[in-house]
There are 2 protein chains.
Amino acid sequence: MARIVMKFGGTSVADLDRIANAAGRVKRAVEAGDEVAVVVSAMAGVTNQLVGYVDKTSRVYDAREYDAVVASGEQVTAGLMALRLQELGVAARSWHGWQIPIRTNEVHGKARIEEIGTDNLDPRLKSGEVAVIAGFQGVSPRGRITTLGRGGSDTTAVALAAALKADRCDIYTDVDGVYTTDPRIVAKARKLERISHEEMLEMASLGAKVLQTRSVELAMNHGVRLQVLSSFEDKPGTLVVDEEEIVEQQVVSGIAYSRDEAKITLVKVADKPGVAASIFGPLADAAVNVDMIVQSVSSDGQRTDMTFTVAKTDLDRAVKTLEENRAAIEYEQLIADPDVVKISVIGVGMRSHAGVAQTMFRTLAEKGINIQVISTSEIKISTLVGEEYTELAIRALHSAYGLDTAA
Amino acid sequence: MARIVMKFGGTSVADLDRIANAAGRVKRAVEAGDEVAVVVSAMAGVTNQLVGYVDKTSRVYDAREYDAVVASGEQVTAGLMALRLQELGVAARSWHGWQIPIRTNEVHGKARIEEIGTDNLDPRLKSGEVAVIAGFQGVSPRGRITTLGRGGSDTTAVALAAALKADRCDIYTDVDGVYTTDPRIVAKARKLERISHEEMLEMASLGAKVLQTRSVELAMNHGVRLQVLSSFEDKPGTLVVDEEEIVEQQVVSGIAYSRDEAKITLVKVADKPGVAASIFGPLADAAVNVDMIVQSVSSDGQRTDMTFTVAKTDLDRAVKTLEENRAAIEYEQLIADPDVVKISVIGVGMRSHAGVAQTMFRTLAEKGINIQVISTSEIKISTLVGEEYTELAIRALHSAYGLDTAA
């Protein structure tokens, strides 16, 4: 007997049939003797419809009213899921954020959970009643409904699992687990049985869209064991666990990529103290996040080239900001290049193994792929290459690190 | 400067354009210096869609989950209305039932309001902020969302007006007021400037669908001045007020009719003590409401005929119940007749004027219309006649009581 949180995302509760299917899974868990809390997203299209209503109603963006409107989608699913469970003979009750309560701060639209009360849920779970929780939402100190932003229902599930001291948090989605890389690119990609929180965090932040970064972070900080699995197939998914739980650790666990970045090069900026601040200060003020940064060695000690990446969606704003600040920065030329991809190899094994970076550089060189920017962290090496090399690079690296499935 | 509650029903907030139109009205009231609380219904089709989801999800009817799902429709409208008001430059905030709070009992699906807190709304109204309240809902002592049943948003509006000591409660709808009778039947029907709560209550319970009985009752008990008016036209509607506020009182204010009744006659039941109980007891047990009752004078002192009316929708159940209890009741024959209409003349002036009933009977007789059943109250006379006489009877009575507009 275990206590588990089961989270069903948008595709898993897209319509009444899928809600029924998800309820069937919950029933089986209950019959196996588990205590179950269920977290649900809104039905397909509902959130978009509600957001559309808000957009058409007002140019004034009042995040408090936005939250009050948009949170209703998850509330409907929660009620329907509770009803469906009852229909299947399973005791169930729906819960909105304020009823539990899930207390958040006041940052409407992307609130952070600060505390989850367990006095209401805990005794009911113990009595065998399933708690069906509307994901994505909480209540502010002033009693207003808040929403948690993108991937908010995952965050709800993980935070609940931590608060309820659940043995596991199962994230049901439309993929059956976490793969060594994108199976649409590499047919030999392998589903991972286990992955560490740290690796999952890098995978998520680098574009593997299975889980939102924030929920993985939360799981890591609270030691929540996550499982990513399919709501349409009956097989185990991928467990996201503490590093110690992984016995046979690969050096490299996976290869992630992101097409969401763009490269900017400022040619011949003055090589003097304060120049970085003159570039990245205005960008920060314009809410442009800068990711990889490389400053080339100055040949004459006076001028240098500065290359960095920004989100592709921020590229125009970044260029405009830099042009407006041209006089202060003193660069000769600005080159913007959206046709790049960031490819990263990830593995906690890197900490104890040398040569991982070397393998990456050699593999890419052998395929004639030029590396434009490099950045590394303790468990990750990222390179920026031309976008046209995406598939070629990923497939070569997947083989080079021994990740291909046996034929 | 006044404090008013403005209630917009389903047709008045059917879509985003109509919400914008309603918001325009609220803005004008605010600009006139009024303190305004707005009560809104769900957008067109939303409640039906949610009820449909519930019906398809479960045969188990859990009213608590039904309420949690269905109440979301009004919440969406409230948020959108607040946003629209902000867009128009009007300070506004949405409120769900639990936020105010509107405390109800635990009878989910048709809860009764027990108490409305004003600590949240009162200071905000005074500061000029419009409170937009999701109608139809409240919160139970256990912190569950409740709904108030049919016409619930009217009830919300009137109860709020009472709690907030509002000067008036304006009910915006798709008709422009209360008429002396149904204008679809009598072209000369006149819009009433004022009508007393008591009369409105009789009109509502007799089929004039402008206001729900319960909200009128509530308004009467708390002395709330109601106004029924159109959200599509700019003209005053009908004021529903205390009798003393009506200076020029007509003897008859209006003529109502209801096609929702059916007649049952039990021929030759025993004329002995306890026979009424043997008939109406089983009907009550079967949840059949009986309205008009007439017992004919027994010719032989042993057998009598018993005629009464039930809701047309209950007719089959009533007949079945009576047949099952035939042995106990001892009647010779059961005649069921759904083709009847109840026509009522209503007016507080009846209290002080004689001859009102006589005018009714004479008028119907002159048209050759046979009266099947008669029932009276202090301010109302109802007659049951054949359904085919509906228009003829109403038009004749409308003229006879001097209600026709001057040509």
Side-chain angles (χ1 to χ4, degrees), chain A residues 13 15-17 19-20 23 42-43 46 49-50 52-96 98-101 120 132 134 139-140 142-145, chain B residues 13 15-17 19-20 23 42-43 46 49-50 52-96 98-101 120 132 134 139-140 142-145:
Chain A
V13 291
D15 54 34
L16 298 183
D17 284 344
I19 290 174
M43 292 167 76
V46 170
Q49 184 186 39
L50 293 170
Y53 284 162
V54 169
D55 287 344
K56 282 182 208 136
T57 298
S58 173
R59 293 162 306 180
V60 183
Y61 182 80
D62 179 341
R64 280 173 289 186
E65 296 305 337
Y66 172 93
D67 282 0
V69 170
V70 171
S72 67
E74 280 73 13
Q75 299 175 9
V76 170
T77 318
L80 295 177
M81 175 66 86
L83 282 166
R84 189 67 201 182
L85 286 167
Q86 292 174 3
E87 167 82 8
L88 298 177
V90 178
R93 183 60 57 224
S94 75
W95 296 87
H96 298 179
W98 61 271
Q99 288 174 316
I100 295 177
N120 281 319
V132 185
V139 62
S140 80
R142 298 189 197 197
R144 287 276 138 198
I145 292 173
Chain B
V13 292
D15 54 34
L16 298 183
D17 284 344
I19 290 174
M43 291 166 77
V46 170
Q49 185 186 39
L50 294 170
Y53 285 162
V54 170
D55 287 344
K56 282 180 206 137
T57 299
S58 172
R59 291 162 305 179
V60 182
Y61 183 81
D62 179 342
R64 281 174 288 188
E65 297 305 337
Y66 173 94
D67 282 359
V69 170
V70 172
S72 67
E74 280 74 13
Q75 299 176 9
V76 170
T77 319
L80 295 177
M81 175 66 86
L83 282 165
R84 189 67 201 185
L85 286 167
Q86 293 174 4
E87 167 82 7
L88 297 177
V90 177
R93 182 62 57 222
S94 76
W95 297 87
H96 299 181
W98 61 271
Q99 289 173 316
I100 295 178
N120 281 319
V132 185
V139 63
S140 80
R142 299 189 195 196
R144 288 274 134 199
I145 292 173

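Residue numbers start from 1 in every chain, and the chains themselves are labelled A, B, ... in the order their sequence lines are given, proteins ahead of strands. Any value given below was found using the heavy atoms of this structure, including those in side chains, with hydrogens, waters and symmetry copies removed.
Distance check, rounded to the nearest 0.5 Å: CG of A:D55 to OH of A:Y53 gives 12.5 Å.
Under the ring pair (Phe, Tyr, Trp, His ring centres under 6.0 Å) criterion, A:Y66 pairs with A:Y61, not counting sequence neighbours. Residues satisfying the side chain to side chain donor-acceptor pair (under 3.5 Å) criterion with A:R93, sequence neighbours excluded, are B:D62, B:E65.
Among B:M43, B:Q99, B:K56, the residue making the largest number of heavy-atom pairs under 4.5 Å with chain A is B:Q99. For the options A:Q75, A:H96, A:R144, A:M81, heavy-atom pairs under 4.5 Å to chain B are most numerous at A:R144. The greatest number of non-hydrogen atom pairs below 4.5 Å with chain A, out of B:S94, B:A78, B:A20, B:A134, is found for B:S94. Between chain B and the residues A:V70, A:V69, A:N120, A:L83, the largest count of heavy-atom pairs under 4.5 Å involves A:L83. Ranked by non-hydrogen atom pairs under 4.5 Å with chain A, the options B:L50, B:D67, B:V60, B:T57 are led by B:T57.
Between the side chain of B:S58 and the main chain of B:V54, no donor-acceptor pair closer than 3.5 Å is present. No side-chain donor-acceptor contact under 3.5 Å links B:S72 to the backbone of B:A68.
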task: Would you please test A:V132 and A:L85 for side-chain contact (heavy atoms from CB on, under 4.5 Å) and show each step?
output: CA-CA 10 Å; A:V132 185; A:L85 286 167; 3.8 Å; yes

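Using a 4.5 Å cut-off between heavy atoms, A:Q86 contacts chain B through both its backbone and its side chain. Contact annotation for A:L16: only side-chain heavy atoms (C-beta onward) come within less than 4.5 Å of a heavy atom of chain B. Contacts between A:L88 and chain B at a heavy-atom distance below 4.5 Å are absent for every atom of the residue. Contact annotation for A:V139: only side-chain heavy atoms (C-beta onward) come within less than 4.5 Å of a heavy atom of chain B.
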